[in-house]
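Working notes, beginning with the structure itself.
Chain letters run A, B, ... following the sequence lines, proteins first and then strands; every chain starts at 1. On a predicted model such as this, the values are computed, not experimentally measured, just so you know.
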Number of protein chains: 2
Amino acid sequence: MKPSTIDLKAIIRAEGLRYTNQRESVWQELQSSDDHRDAEDIYFSLRQKGINISRATVYRTIEVLVKNNLVRKLDLGDGKNRYECKWDAAHHDHLICTECGKIVEFMNDQVEGIQSDIAREYGFSLSYHIHQLFGLCEDCR
Amino acid sequence: MKPSTIDLKAIIRAEGLRYTNQRESVWQELQSSDDHRDAEDIYFSLRQKGINISRATVYRTIEVLVKNNLVRKLDLGDGKNRYECKWDAAHHDHLICTECGKIVEFMNDQVEGIQSDIAREYGFSLSYHIHQLFGLCEDCR
DNA sequence: AATTATGTGAGATTCAATATCAATAAGGAA
DNA sequence: TTCCTTATTGATATTGAATCTCACATAATT
Ligand SMILES: [Mn+2]
Ligand SMILES: [Mn+2]
Ligand SMILES: [Zn+2]
Ligand SMILES: [Zn+2]
């Protein structure tokens with residue numbers, strides 16, 4: 001992931017919130033990889049780097065980032081939420097290997113269009129969708 | 001839902017399991033409606049009908065039914081698994097109202113086909129998928 | 001520096017789901 | 001039918017992710 005052009009301090013303060021070391025740390029940690037990580041991952045990585053932070057603060061901060069569209073929350077069906085840095089990313093969905101956990105991102109305009117058609121057909125106004133394909137990756141089958 | 005032509009006793013015993021009142025009761029309860037219900041719903045409905053059963057047994061029995069493709073387990077993102085009777089149902093995905101919880105079932109051959117294409121493109125062999133559209137239904141928007 | 005309200009940390013709590021284990025009962029044998 | 005073996009059940013404890021509580025810390029303003 002390329003270095004952020006995002007000014008977290010400005011965003012945080014525009015929300016009327018306080019800019020803190022903990023919030024900056026969580027944001028940096030999430031930006032440090034392209035992975036789809038869970039809150040516990042973030043918590044442990046920060047602790048390992050000697051940064052003192054609590055689980056509660058990790059959860060609370062992630063929620064702030066999600067609300068400001070800097071991070072996307074994902075439920076990949078393994079019982080815990082995962083998060084990905086999405087401030088510069090176009091929409092995409094996921095292909096997941098049920099054996100090794102590998103995650104491939106895909107985007108298909110045709111499917112996106114059909115989703116809108118389906119919503120219209122049933123009188124729904126769509127706000128978001130979940131589209132996940134599960135199976136075995138090349139290496140695992 | 002039309003009355004079952006399924007012989008649960010035969011299926012259960014073919015699995016080398018014992019046919020019990022509890023297992024039959026859970027199966028009957030799941031068949032009694034077309035809804036997407038959670039385990040607690042099933043548990044309470046049975047108790048209300050005077051059937052003595054424990055939560056643990058409800059969970060365990062549902063798992064047996066899922067493994068035998070009589071019931072489909074769904075994660076609709078509200079923190080608890082939901083179940084639908086699917087012994088006679090063709091595959092379908094879901095459109096969910098985030099306001100009132102209404103669930104509409106849809107099926108689109110084109111999307112199903114594209115999913116296969118995507119899997120092939122990335123070298124995956126697909127085993128299942130989750131496709132859920134969230135938004136406001138006609139009544140709620 | 002003083003003030004004040006927001007943010008944080010440690011631990012308690014919630015809730016769905018699973019595990020434990022003594023008691024029960026299904027189903028095969030006689 | 002009765003007996004026997006063992007899967008199943010129920011009551012309860014436990015797990016794990018996520019949230020809540022509240023005394024204390026600290027960001028931000030004056
Ligand atoms: Mn992704
Ligand atoms: Mn359905
Ligand atoms: Zn794999
Ligand atoms: Zn609605």
Side-chain angles (χ1 to χ4, degrees), chain A residues 7-30 36-68 71-83, chain B residues 7-30 36-68 71-83:
Chain A
D7 181 358
L8 183 66
K9 184 169 183 177
I11 294 176
I12 287 285
R13 303 203 56 180
E15 286 281 292
L17 302 175
R18 293 180 180 175
Y19 176 73
T20 65
N21 293 332
Q22 288 89 338
R23 285 173 173 163
E24 181 63 38
S25 297
V26 171
W27 172 232
Q28 291 301 326
E29 184 58 35
L30 274 161
H36 303 78
R37 309 173 67 191
D38 60 40
E40 198 71 3
D41 277 344
I42 302 299
Y43 171 70
F44 270 111
S45 294
L46 290 174
R47 302 289 294 205
Q48 208 139 20
K49 289 171 183 170
I51 294 167
N52 201 291
I53 193 170
S54 67
R55 279 186 179 78
T57 297
V58 170
Y59 278 104
R60 288 183 289 224
T61 299
I62 289 175
E63 226 37 60
V64 171
L65 299 174
V66 168
K67 284 205 184 83
N68 285 279
V71 166
R72 175 152 73 134
K73 184 192 285 203
L74 301 172
D75 176 354
L76 265 33
D78 62 347
K80 50 196 169 187
N81 289 317
R82 298 183 167 277
Y83 303 92
Chain B
D7 182 357
L8 182 67
K9 184 171 183 177
I11 293 175
I12 286 285
R13 304 206 53 185
E15 285 280 293
L17 303 174
R18 292 179 182 177
Y19 175 74
T20 65
N21 292 333
Q22 287 89 340
R23 285 173 174 163
E24 181 63 39
S25 296
V26 171
W27 173 232
Q28 291 301 327
E29 185 59 34
L30 275 161
H36 303 79
R37 309 171 68 191
D38 62 40
E40 198 71 3
D41 277 345
I42 303 298
Y43 171 70
F44 270 112
S45 294
L46 290 173
R47 302 290 294 206
Q48 208 138 20
K49 289 171 184 169
I51 293 167
N52 202 290
I53 193 170
S54 68
R55 279 186 178 80
T57 296
V58 170
Y59 278 105
R60 289 183 288 225
T61 299
I62 289 175
E63 226 38 59
V64 170
L65 299 175
V66 169
K67 285 203 183 83
N68 285 278
V71 166
R72 174 150 73 134
K73 184 192 285 203
L74 301 172
D75 177 354
L76 265 34
D78 62 347
K80 51 197 168 186
N81 290 317
R82 297 184 168 276
Y83 304 92

Just to be sure I understand the rule, does [X] reach a base, reach only the sugar-phosphate, or reach nothing, if contact means heavy atoms closer than 4.0 Å?
{"X": "B/G79", "value": "sugar-phosphate"}
{"X": "A/D38", "value": "nothing"}
{"X": "A/R13", "value": "sugar-phosphate"}

message: Under a 3.5 Å distance rule, please check whether B/R55 uses its side chain to pair with a backbone N or O of B/E40 as donor and acceptor.
response: no
- prompt: So, A/R37 side chain and A/E29 main chain: donor-acceptor pair closer than 3.5 Å or not?
  reply: yes
Separation of [N] [atom2] from [X] [atom1] (nearest whole Å):
{"X": "B/D75", "N": "C/dA16", "atom1": "CG", "atom2": "C1'", "value": "12 Å"}
{"X": "B/I62", "N": "C/dA16", "atom1": "CD1", "atom2": "C1'", "value": "12 Å"}
{"X": "B/L8", "N": "C/dA26", "atom1": "CG", "atom2": "P", "value": "14 Å"}
{"X": "B/R55", "N": "C/dC15", "atom1": "CZ", "atom2": "C1'", "value": "11 Å"}
{"X": "B/E24", "N": "D/dT8", "atom1": "CD", "atom2": "P", "value": "15 Å"}
{"X": "B/D78", "N": "D/dA17", "atom1": "CG", "atom2": "C1'", "value": "15 Å"}
{"X": "A/E15", "N": "D/dA28", "atom1": "CD", "atom2": "P", "value": "15 Å"}
{"X": "B/I42", "N": "C/dA17", "atom1": "CD1", "atom2": "P", "value": "12 Å"}

- prompt: Is there side-chain contact between B/I12 and B/T20, with at least one heavy-atom pair below 4.5 Å?
  reply: no
- request: Between B/Q22 and B/Y59, name the one whose nearest nucleotide on DNA chain C is closer to the 5' end.
  value: B/Y59
- line: Comparing B/I12 with B/K80, nearest DNA chain C nucleotide closer to 5' gives the residue B/K80
task: Identify whether the distance between the nearest side-chain nitrogen and carboxylate oxygen of B/E24 and B/K9 falls below 4.0 Å.
output: no
NZ/NE/NH1/NH2 to OD/OE distance under 4.0 Å, B/K67 and B/E15: no
message: C/dA10, OP1 or OP2 - any side-chain N/O from A/S54 closer than 4.0 Å?
response: no
- prompt: Taking only N and O in the side chain of A/N81, is any of them less than 4.0 Å away from OP1 or OP2 of D/dA17?
  reply: no
Given [options], the nucleotide with the shortest approach to the side chain of [X]:
{"X": "A/L17", "options": "C/dG7, C/dG27, D/dG10", "answer": "C/dG7"}
{"X": "A/A39", "options": "D/dA18, D/dA28, C/dT8", "answer": "D/dA18"}
{"X": "B/T20", "options": "C/dG9, D/dG10, D/dT8", "answer": "D/dT8"}

field: No-H, no-angle donor-acceptor pair, B/R60 side chain to D/dG10 base, under 3.5 Å
entry: yes
Donor-acceptor pair (no angle test) under 3.5 Å: B/R18 side chain, D/dT8 base: no
